[in-house]
Structure formats: C-alpha cells, structure tokens
Amino acid sequence: MRNKPLYEVRDIENLKQMLEESAKLYKDNTAYLVKNDKKEYVNIMYPQVLEDMNALGTALIDLGLKGKRIAVIGENRYEWAISYLAVINGVGVIVPLDKQLPQNEIISCMERAEVDCVIYSGKLQETIDVIAEMEDMASFYINMDLENEDGKYLSLKKLINKGKELVKSGNSEYINAKIDIDDMAELLFTSGTTAKSKAVMLSQKNIVYNLHQMCQMVHIKDDDVFLSMLPMHHVYECVCGFLVPLYRGAAVAYCEGLRYIQKNLEEAHVSVFLSVPLVFETLYKKIWEAIDKQGKTKLVKTMIKITNILDKVGIHLKRKIFKDIHNQLGGRARLYIAGAAGINPEVSKGFRDFGILAIQGYGLTECAPIVAVNRNNAHKDASVGLPLVGTELMVVNVNEDGVGEIITKGDHVMLGYYENEEATKENLKDGWFYTGDLGYQDDDGFVYITGRKKNVLITKNGKNVYPEEIEALLNDSDYIEESMVYLKPVKDDLVLSAEIRVNKEYIEENFKDISKEELKKIIWEEVKRIQQDLVIYKHIKEIHIRETEFEKTTTLKIKRYLEKTVQK
C-alpha cells in the first residue's frame, strides 16, 4: 500500500514564493470566503491576498519592525491570515498566540517571546488595554477591527492602505526581501500552563517541507473549499488548513463557531474539512439520529451494503443514493481529515459508507506538524497513516506488548525549544525527535498510536494501561458523552477508575425520572458491557459521574493535568 503513486506537486523554496506563484497560477480562484455584515460569504481572490500581504509587510517595515517578533492573536479570519503571511515572508518572526489563554498567560508568552508588536482582534481590546499600560511590553498594538488610529492603537486596515501607497510610490524593501529558510520564522507555544508550555522554533524549511510532502500523499484540488474552524494559532490548522489550500489553489471559508459548523458547511459548499475526532463523531451521530427519527435506519443500512458492493465493481452511486446527507454537508463533501487525537475507526468507515473519505493523520507542533498521514489511495481506519515521504520514523524502547516510543527525523523537525536548551537536548538527539507518543508500526509501514508516554498508567503489578484506548471505547457508547480514565489510590492499591460525563439527551430520551443512584447503576452496567473483551488488568473498577464538561485545550483535548486535581 505504501508504494501507491504520489500526487504531483510543484517545488517551492519558501512561503513567499508559494504565494507569489499561487497568485499567478490561480488568479481567477477564490482564496477566502469571508462573512460580510449581512452574514453572507463574499470572495477574496488570490491576487488580492498577495497585494494585501505585500502592503502590510511594507507598512510594518516602515514602522521599524524589520527583524522583530510580532504576535498575532484573534479568531480565525482573513486579517489573521494576512498578518501571518506578511510577517513571516519578509518582516520578522511570527508569534501566533491562543486567544483563549488567560490574560496573565498571554502576557507571559509575550514576555518570553520578546514581542515588539501585537496584531489583535478587537474582541481582545480589554486584555490589550491592560498589556499596553505595562512597561517594557510591545511598542506597537495593531487592531484588526479599528477603522482609524486611536491613540496608541493602530488600524490594520489603515496600515494596509498605507502600505499600498508606499508600494505604489516605489518602496520595494519588503517585496524584494530575501527569505532565509533555515532561520527561525515562527515561534509557537505548546499547549499547557505557562510553566509547562514550551516555545517551539520553526523555520520556513520545516513548514514548506511539511506541506509539500503532505500534498504528495493527500490529494488537494484547486476547486476545493476548506472550512477553517480549529484555532489558527495551532500548527495543525495553520499549516494544513491555511497554508496547504494557498499552495494548491483552494479556497478557505471561515467558520462562525462550533454551533454553526453544519450551517457553514452547507453555505460554503465545503469539500475538505479538517477537524478533531470529537467534532466528526458528533457530526456522524447527528446524521444517524436524523435517519433514525425518519424511520429509515434499516433502509439506509441496506443501501450502504448495496453501494459498497457496487463500489467494488467500479459503480459509484453513494453521492447519488445519499444525496440528502451530502446536501446537509454542503453537497460537495469529499475529504474529512481528523487530527490531534485518534478517531473512532467506525466513524471513518461510516463517512466512507456515505461517500466521504475520512482519514486521520498524526503530528506535533515540533514537527510542523505532520509526521504521518493516511492517503487517499492507501489508508487504514485504526492507523494514523504512513510516515511523510522522505521522513524517517522508528519505534524505540519496545515493551512486551510491542509498543514503544515513536521517534522521527527529517526536515520537518523543529530547530529546538526557544531558550530551553535542557528540553531541547532531552527531546532532540542526533537529529531524532522523541515524540513522547507510544505506538507501533505494522508490516505495511502504517503507524498506530496507543497513547502518550506521560499518560501511561502503571498498575501495582507493573502492567501498562493506555487510558486513551479505554476512553475511546467508553466514548463510543450512546450513554457516554466523554470520559477520563485514571488510577485512584485506595489504601495500598491503585484502582483503575473513570470519570464519566453522560449523554444527557440520550439518557432523558430512554429513561424517565431516574435518580442519581439509578443513573450510576445504568452507566456501570454499560461500562461492564464495554470492557468485557478487555484483559482483566484494563477493567474499570470504579466510576464517578460528573455534571460538568471536562476542561479542554483549544484542540478539544481534556486537560488531564487539571482534571486529576478534581478526582475523588
């Protein structure tokens, strides 16, 4: 399977060259779909993206920001994209920040990155007001939403217009700027508390190599429309959901929020959607809930069997047979890519049954980000895919279960952690990046992730339990919304336990007026059913029902380091 032919891609040296070429090759293509005041999508074409980037870059250099660190913070939007492109392609180092961070952590990240300028969304004005009053912070504050200058705050729109005038008058310093692909171009903070997060240094070589190799393995077309809903400060969305479309001539539509995903998929006629397993699994459940309410479950399952048989003989009717489902998803859905965590294989196969290829990949911030990905023409639902073309991957320190730590080497690996030599030496050895992820490779080269090294639970008798494996089984139940597995100290023993948030909607539909005790009994019976095929040492011995949602990162992963403090 790994020897399937690769997709043809054009060679590029840096992101500046990429956009300059894309603006010519795809001059008649839409680059962005942005909501206007009437909440309607309007088109921004490729040539305008290049013009705006050159204008903003010119204006930023005119402010004296050449070679400086510039932060960008805000929701997914065109202004964020232009700010990123302008800075990284000739001004200085871009520092994407998480808009959901508490004020003190935003300040800490800015201080650690030695930021000289912040380009920010108007929604963060209160936070920026506090920061702007502090000594030794940024010199410039540029508001994405401001129409005119307001005291110490500059208008992004005005800067772009000023830059256009400077370019028109012959200022070509930014346009002619040379890109050193080996220099630090981007400084990204890993998720975690301020004390735990690391600042990852990426070069343009890292980023370009990653998107170039990924596009050889995953087919992206110039008429594709992506929906951007994961936070753009996260390298997965930034490279795969923002830079890859620009490279391939596709369009990006900005999502208005989690509540509007299905609406935006339909409005923008999205063909490619990158997200996390939780979103795809929720979307998939809703599709089947709608089918069930219409009383068509048996019919749909029969048609899936028939169309799967027809597929094998080259007769492809899924899009036609399941037209209503496709229309709910925009009418053009062809490729869904999950990242950040493992997706339920049944969901991937389920979307494929409806005629939508659903695959998953694997990556880390330190690898810019992709390490492995399933391909259009070579995929396994339980695997995170094959290593990127040209990269090296090994599994080391393998245990009795055949599981070890995944390490990788290649041009996708970061320069190191900023001002953290100890962490760099710990994770980078002889060019190999030690991911901290545990897994294995099969005979075909496909990679499987079993969990994080730091999350492994070691029982009293020395057995390794991977909580992610058990959580995936629990979360697949209609009764359970989400869960977290952990070891609870009880006297001289460690008891495998689970914190569970139930699916209230499902419980209310199927059980009337039950007490908390009855609910716990129902969930406990479900847990016992789920784990009956697991070896004994992986069996949950105790459960706790919780009312509130787990606190999560911006990629919807449970913050285990916080949640463990509330376990009883």
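Since the model is a prediction, treat every value here as computed from it, not as a measurement. Atoms considered below: every heavy atom in the structure, side chains included; atoms not considered: hydrogens, waters and symmetry mates.
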- Carefully, step by step, assess V87 and V72 under the rule side chain to side chain contact (heavy atoms under 4.5 Å, CB included). CA-CA 10 Å; V87 174; V72 58; over 6 Å; no
Salt bridge between [X] and [Y], side-chain N to carboxylate O under 4.0 Å?
{"X": "R546", "Y": "E482", "value": "no"}
{"X": "R77", "Y": "E75", "value": "yes"}
{"X": "R248", "Y": "D223", "value": "no"}
{"X": "K123", "Y": "D145", "value": "no"}

- Over 60° means perpendicular and under 30° means parallel, so classify the ring planes of W80 and Y84, tilted if in between. parallel
Give me the atom names and distance for the closest heavy-atom approach of [X] to [Y].
{"X": "Y236", "Y": "I337", "answer": "OH-O, 3.0 Å"}
{"X": "Q360", "Y": "D381", "answer": "NE2-O, 3.1 Å"}
{"X": "N143", "Y": "L146", "answer": "OD1-N, 3.3 Å"}
{"X": "S348", "Y": "I343", "answer": "OG-CG2, 3.4 Å"}
{"X": "F226", "Y": "A250", "answer": "CE1-CB, 3.9 Å"}
{"X": "N206", "Y": "M201", "answer": "OD1-O, 4.3 Å"}

Just by modelled atom types, is the [Y] backbone N or O under 3.5 Å from a matching donor or acceptor in the [X] side chain?
{"X": "H379", "Y": "R375", "value": "yes"}
{"X": "N76", "Y": "L230", "value": "yes"}
{"X": "N210", "Y": "C367", "value": "yes"}
{"X": "N427", "Y": "F433", "value": "no"}
{"X": "S121", "Y": "L124", "value": "no"}
{"X": "S155", "Y": "K158", "value": "yes"}
{"X": "N171", "Y": "E173", "value": "yes"}
{"X": "E237", "Y": "P231", "value": "no"}
{"X": "N36", "Y": "V42", "value": "no"}
{"X": "T30", "Y": "M45", "value": "no"}

- Item | Option from N14, D183, N89 for which side chain to side chain donor-acceptor pair (under 3.5 Å) with Q204 holds | N89
- Message: Between M137 and M134, is the side chain to side chain contact (heavy atoms under 4.5 Å, CB included) condition met? List the steps.
- Response: CA-CA 6 Å; M137 293 300 283; M134 299 174 66; 3.6 Å; yes
- Message: When you measure from the centre of the six-membered ring of Y46, is the NZ or CZ of K27 closer than 6.0 Å and no more than 45° off the axis?
- Response: no
- Message: What verdict does the side chain to side chain contact (heavy atoms under 4.5 Å, CB included) test give for I106 and T127, after you've listed the backbone C-alpha separation in whole Å, the side-chain angles of each residue and the deciding distance to 0.1 Å?
- Response: CA-CA 9 Å; I106 292 174; T127 295; 4.2 Å; yes
- Given Y336, which of V272, L329, I359 fulfils the side-chain contact (heavy atoms from CB on, under 4.5 Å) condition? L329
- Message: For K157, I'd like to know if atom NZ has over 12 heavy atoms of other residues, nucleotides or ligands within 6.0 Å.
- Response: no
- Query: More than 12 non-hydrogen atoms from neighbouring residues, nucleotides or ligands closer than 6.0 Å to CD on E346, yes or no?
  - Reply: no
- Query: Can we call the ring centroids of F273 and F280 under 6.0 Å apart?
  - Reply: yes
- Validation row, ring centre Y254 to ring centre Y41 under 6.0 Å: no
Do you see a donor-acceptor pair shorter than 3.5 Å between the side chains of [X] and [Y]?
{"X": "Y153", "Y": "D129", "result": "yes"}
{"X": "Q216", "Y": "Q213", "result": "yes"}
{"X": "N475", "Y": "S483", "result": "yes"}

- Enumerate the residue pairs fulfilling side-chain hydrogen bond (donor to acceptor under 3.5 Å, both in side chains) with a member in residues 265-278, sequence neighbours excluded, ordered by first and then second residue. K35-E267, D224-S271, K263-E267, N264-E267
- Note on the structure: Contacts satisfying side-chain hydrogen bond (donor to acceptor under 3.5 Å, both in side chains) that involve residues 59-71 (not counting sequence neighbours) are D62-K162, R69-Y418
